[in-house]
Amino acid sequence: MMSVLVLLEQRGELKACAFEAATVAAKVAQAAGLDVNALYIGQALGDQSAQLAGLGIAKVFAYENNALGHYSNDAYVPIACDLAQELGAKVIVGSASALGKECCASVAGRLGVELAQDCVDAWWDDGLKVRKPLYAGKLLAEMRVDSVPAVLSLRPNVMAAARDGGSTPEVVRRDMPEVSLRTVLKEAVEAAAGTVDLTEAKIVVSGGRGIGGPDAWPLLQGLCKTLGAALGASRAAVDAGWIEHAHQVGQTGKVVSPDLYIACGISGAIQHQAGMRTARIIVAINKDPEAPIFKICDYGIVADLFEVLPLMTDEAKKVLAA
Ligand SMILES: Cc1cc2nc3c(=O)[nH]c(=O)nc-3n(C[C@H](O)[C@H](O)[C@H](O)COP(=O)(O)OP(=O)(O)OC[C@H]3O[C@@H](n4cnc5c(N)ncnc54)[C@H](O)[C@@H]3O)c2cc1C
């Protein structure tokens with residue numbers, strides 16, 4: 001039976017975007033009359049397979065290897081391609097995270113098939129259709145993918161994982177094939193312990209040039225801590241050396257789709273919008289009423305962020321405590 005294959009992303013444990021990709025895979029598979037299978041590569045899957053219950057996945061093919069807990073293009077791509085061919089996968093669904101996009105592009109290239117990156121939805125209607133942002137998110141295009149097999153990556157956080165209470169998938173453990181690694185990861189340095197992953201965060205608080213310098217981060221981090229939010233930044237703040245590039249949101253940074261995006265001292269240049277426009281609710285704090293960010297925000301506060309942020313943090317604390 002031909003199938004839809006979902007590439008489960010993990011970092012030590014399965015990421016939320018893996019369940020979202022599985023949800024889209026199930027939707028496509030159901031309409032196309034296909035099975036859903038999943039590929040897991042990483043450290044022992046263990047009881048995490050229970051987290052995959054109810055997502056419509058028939059089998060999880062698990063390649064467990066401690067050395068491959070971290071993504072390796074050399075290892076992951078051949079395994080994904082071989083499995084896709086073995087299963088006759090018509091559609092391969094990954095996540096549009098930084099690593100997911102790399103993996104999906106490599107898989108599509110190696111298989112010589114169509115690729116649709118950074119989709120916000122996909123479905124089957126007499127063929128594979130996807131919805132994806134174009135022109136830095138200024139419009140959402142619905143596209144038909146010309147031929148299958150095809151690979152698509154789903155932007156994290158654009159949809160909730162849908163579970164139907166069904167069973168846990170069967171886990172098929174596979175021996176890790178011999179792979180020659182051209183690159184070997186020697187060390188992974190966590191940015192900061194206890195902080196929320198930017199691309200998976202439900203709330204993001206971002207700072208731009210308007211924060212005036214790195215001394216203002218504790219103010220934003222205070223709000224992040226209260227709301228359980230991740231800290232983002234504009235390129236101006238990154239280029240000024242106030243924060244690492246890992247926090248940059250935008251065309252040349254990360255793409256985020258949180259429920260709530262709070263832009264502090266960010267003008268809202270088109271390249272910044274490319275990374276946050278699909279947030280469900282956008283709040284902007286900016287002194288300049290003409291700032292472009294006010295054209296795309298849901299709530300605009302024309303004020304000095306140094307006055308607004310302490311009030312917002314105090315109020316959030318009160319509301320959350322109540
Ligand atoms: C190829 C390319 C790729 C790019 N990629 C990215 C990207 O990935 N991400 C990105 O962000 N940018 C990107 N840029 C840069 C982008 O064009 C803008 O220059 C950048 O986003 C501006 O950052 P900013 O909004 O923080 O700064 P500014 O545009 O300088 O805006 C600062 C804002 O802060 C407000 N402000 C000042 N003081 C206060 C205060 N006390 N309280 C409240 N508001 C205040 C000001 O009114 C102003 O609107 C890219 C540009 C190019 C050409």
Side-chain angles (χ1 to χ4, degrees), residues 96-102 105 117-118 120 132-139 153 155-158 191 196-201 203-224 227 229-258 260-279 281-316:
S97 61
L99 295 180
K101 281 195 275 191
E102 181 186 321
Q117 289 276 40
D118 200 23
V120 295
K132 55 176 279 168
L134 289 185
Y135 304 118
K138 281 210 149 189
L139 64 88
S153 66
R155 185 178 282 200
N157 244 341
V158 289
V196 184
D197 181 348
L198 194 54
T199 46
E200 300 231 313
I203 305 177
V204 174
V205 177
S206 278
R209 203 194 314 265
I211 70 164
D215 294 347
W217 291 124
L219 197 57
L220 279 80
Q221 281 159 334
L223 183 58
C224 286
L227 297 176
L231 182 65
S234 73
R235 178 158 159 183
V238 173
D239 284 353
W242 300 345
I243 194 162
E244 307 93 77
H245 180 261
H247 292 268
Q248 185 176 313
V249 172
Q251 187 180 316
T252 43
K254 295 207 166 100
V255 175
V256 299
S257 290
L260 173 62
Y261 188 86
I262 305 177
C264 311
I266 292 177
S267 59
I270 187 77
Q271 297 89 354
H272 187 77
Q273 290 184 23
M276 43 68 76
R277 213 185 158 103
T278 48
I281 295 182
I282 299 170
V283 175
I285 310 168
N286 197 304
K287 282 202 298 199
D288 175 8
E290 302 298 322
I293 192 85
F294 287 128
K295 293 211 171 71
I296 60 153
C297 73
D298 300 278
Y299 299 95
I301 305 170
V302 182
D304 188 330
L305 67 93
F306 292 96
E307 287 171 20
V308 174
L309 281 178
L311 296 173
M312 208 181 232
T313 308
D314 283 351
E315 201 54 35

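Residue indices begin at 1 and follow the sequence shown. Both counts, for ligands and for their atoms, begin at 1 and track the order of listing.
Counting only distance, with no hydrogens or angles, the side chain of Trp217 and the backbone of Gly207 share no donor-acceptor pair below 3.5 Å. The backbone N or O of Gly275 sits nowhere less than 3.5 Å from a side-chain atom of Lys254 that would complete a donor-acceptor pair. A side-chain donor-acceptor contact under 3.5 Å links His247 to the backbone of Leu231. No donor-acceptor distance shorter than 3.5 angstrom exists from the side chain of Gln117 to the backbone of Ser153, with no hydrogens or angles considered. In this structure, His272 contributes its side chain and Val249 its backbone to a donor-acceptor pair below 3.5 Å.
For atom 4 (C) of ligand 1, the nearest non-hydrogen atom of the protein is Arg235 NH1, 3.1 Å. Protein heavy atom nearest atom 42 (N) of ligand 1, with residue, atom name and distance: Leu305 N, 2.9 Å. Regarding atom 36 (N) of ligand 1, its nearest protein heavy-atom neighbour is Gly210 CA, 3.6 Å. The nearest heavy-atom contact from the protein to atom 6 (C) of ligand 1 is Thr252 OG1, 3.4 Å. When hydrogens are left out, the protein atom nearest atom 30 (O) of ligand 1 is Arg209 NE, 2.6 Å; that is the closest non-hydrogen contact. When hydrogens are left out, the protein atom nearest atom 17 (O) of ligand 1 is Gln271 OE1, 2.7 Å; that is the closest non-hydrogen contact. Among protein heavy atoms, the minimum distance from atom 22 (C) of ligand 1 is reached at Ala236 CB, 3.9 Å. Distance from atom 48 (C) of ligand 1 to its nearest protein heavy atom, with residue and atom name: Asn286 ND2, 3.7 Å.
Rounding to the nearest 0.5 Å gives a distance of 4.0 Å between CD1 of Ile296 and CE of Met276. A distance of 10.5 Å separates CD in Glu200 from CG in Leu198, rounded to the nearest 0.5 Å. Taken from CD1 in Ile211 to CZ in Phe306, the straight-line distance is 7.0 Å, to the nearest 0.5 Å.
Distances shorter than 4.0 angstrom occur between a heavy atom of Ala303 and an atom of ligand 1.
When side chains are defined from C-beta on, Thr199 does not count as touching Asn157, because their heavy atoms never get closer than 4.5 Å.
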*Any chance you could lay out the side-chain contact (heavy atoms from CB on, under 4.5 Å) test for Cys264 and Val205, step after step, and finish with the verdict?*
CA-CA 7 Å; Cys264 311; Val205 177; 4.1 Å; yes

*Please report the C-alpha distance between Arg277 and Lys138 in whole Å, then the side-chain angles of each, then the deciding distance to 0.1 Å, and finally whether the side-chain contact (heavy atoms from CB on, under 4.5 Å) criterion is met.*
CA-CA 8 Å; Arg277 213 185 158 103; Lys138 281 210 149 189; 4.2 Å; yes

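Across Leu305 and Gly210, no two heavy atoms sit closer than the pair CD2-O, 3.6 Å. Across all non-hydrogen atoms, the minimal contact from Ala303 to Val308 is CB-CG2, 3.5 Å.
Below 4.0 Å from some heavy atom of Gly250 lie the following atoms of ligand 1, by number and element: 7 (C), 8 (O), 9 (N). Heavy-atom proximity to Asp288, at under 4.0 Å, picks out these atoms of ligand 1: 47 (O). Under a 4.0 Å criterion applied to the non-hydrogen atoms of Gln251, ligand 1 contributes the atoms 7 (C), 8 (O). Interface of Gly253 with ligand 1, defined as ligand atoms under 4.0 Å from a residue heavy atom, comprises 8 (O). Close approach to Gln248 involves these atoms of ligand 1, each under 4.0 Å from a residue heavy atom: 6 (C), 7 (C), 8 (O), 9 (N).
The option with the heavy atom closest to atom 24 (P) of ligand 1, from among Ala284, Ser234, Gly232, Ala233, is Ser234. The closest non-hydrogen atom to atom 41 (N) of ligand 1, taken over Val238, Val255, Val308, Asp304, comes from Asp304. Closest to atom 32 (C) of ligand 1 by heavy atom, among Gly208, Ala269, Gly265, is Gly265.
The shortest N/O to N/O separation between Ala237 and ligand 1 does not fall below 3.5 Å. The shortest N or O to N or O distance between Phe306 and ligand 1 is not below 3.5 Å. Here's the thing with Val249: one of its N/O atoms is less than 3.5 angstrom from an N/O atom of ligand 1.
Protein heavy atoms are found inside the 4.0 Å sphere centred on atom 26 (O) of ligand 1.
By the criterion of a heavy-atom distance under 4.0 Å, neither the backbone nor the side chain of Ile270 is placed next to ligand 1.
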